[in-house]
Amino acid sequence: MPFEHILFSIDADGVALLSLNRPEQLNSFNTAMHLEVREALRQVRQSEHARVLLLTAEGRGFCAGQDLSDRSVAPGAEMPDLGESIDAFYNPLVRSLRDLPLPVICAVNGVAAGAGANLPLACDLVLAARSASFIQAFCKIGLVPDSGGTWQLPRLIGMARAKALAMLGTRLSAEQAQQWGLIHQVVDDAALRDEALALARQLATQPTYGLALIKRALNQSFDNGFDQQLELERDLQRLAGRSEDYREGVGAFMDKRTPVFKGR
Ligand code: LHQ
């Protein structure tokens, strides 16, 4: 499938790069871009080579959420069922990013608004350009934060800040987002792509099967009690301990050599 609204590649280092590419519309999502992103994520899941996904975007913005020109309601027209869009596109997208059995890095290159502000929160390591910002823009048009925002925000930054962002729609700078614990790191604008790629390449040399188990454990921890989480850690450690990478990691440690991991 040739892509028109995204750039997508999987390189020899195992880094899958998915870049949203509708810069004139600040990479807002229309149906065609949703379908392309879905297909790219399917290819990442099925690839034997992909070890890490880097999600980013072209131009001055990261993503302005839903393309509102696709969802405007003319006077007198039938009211839309936005729940259908969420069922068909946004929920599968955030589930698919969160459940991807590889580390997912998100490089937020500019403004991230609406669903575009919540997509990074479904990723594992979020870097943002110093000039980037996050806007829960939904309330400005009478909508509710979606794409997992109402679940992620209170857990990441606390209820008081979550409510302020979601109900006031204020712009949160990248630096403030980092200070609040919403994202991992702020990087100078000009260095963002290179730093994100360097991190992706470095992670792609690591035991990525184990990293995927780590993300599973941490993602589930919000919902589990302590005992349940201990049991989950046991189950995942059992899986990790049967991986080729564990054997290689311990072997290399004992031999005092650098390990060569395969993500299996
Ligand atoms: C856009 C958009 C956009 C189209 C900028 N659409 N063109 C789920 C289910 C179903 C339906 C509803 O929604 C959802 C989830 C959602 O995501 S709802 C939230 C939708 N997003 C927003 O409400 C954000 C709307 N955008 C903005 O508030 C601003 O554009 C931000 C703050 C993102 C950026 O502001 P500026 O840097 O001042 O840029 P701009 O406003 O001038 O935008 C640049 C261009 O991009 C402009 O087009 P133009 O032809 O005038 O250059 C905008 O119309 C276009 N654009 N967002 N979501």
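Excluded from the calculations below are hydrogen atoms, water molecules and symmetry mates; all remaining heavy atoms, backbone and side chain alike, are included. When a ligand or atom number is given, it counts from 1 through the structure's own listing order.
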Just to verify, what does Arg193 make a salt bridge (Lys or Arg N to Asp or Glu O under 4.0 Å) with, not counting sequence neighbours? Glu58
Partners passing salt bridge (Lys or Arg N to Asp or Glu O under 4.0 Å) against Arg257 (at least two apart in sequence or in another chain): Glu248, Asp255
Would you please name every residue forming a salt bridge (Lys or Arg N to Asp or Glu O under 4.0 Å) with Asp124, sequence neighbours left out? Lys215
Before accepting this row, confirm whether a basic side-chain N of the pair Arg130/Asp189 lies closer than 4.0 Å to the acidic partner's carboxylate O. no
Supply the atom-to-atom distance Ile6 CD1 to Thr56 OG1, rounded to the nearest 0.5 angstrom. 13.0 Å
Under 3.5 Å, N/O to N/O: give me all the pairs between ligand 1 and the protein, one per line with atom names and distance.
| from | atom 1 | to | atom 2 | distance (Å) |
| --- | --- | --- | --- | --- |
| ligand 1 | 6 (N) | Leu68 | N | 2.9 |
| ligand 1 | 17 (O) | Gln66 | N | 2.9 |
| ligand 1 | 17 (O) | Ala115 | N | 3.0 |
| ligand 1 | 21 (N) | Ala64 | O | 2.9 |
| ligand 1 | 37 (O) | Arg60 | NH1 | 2.9 |
| ligand 1 | 37 (O) | Arg60 | NH2 | 3.4 |
| ligand 1 | 39 (O) | Arg60 | NH2 | 3.0 |
| ligand 1 | 46 (O) | Glu24 | O | 3.4 |
| ligand 1 | 58 (N) | Ala64 | O | 3.0 |
| ligand 1 | 58 (N) | Gln66 | O | 2.8 |

Taking NZ, NE, NH1 and NH2 as the nitrogens, is one of them in Glu39 or Arg42 under 4.0 Å from a carboxylate oxygen of the other? yes
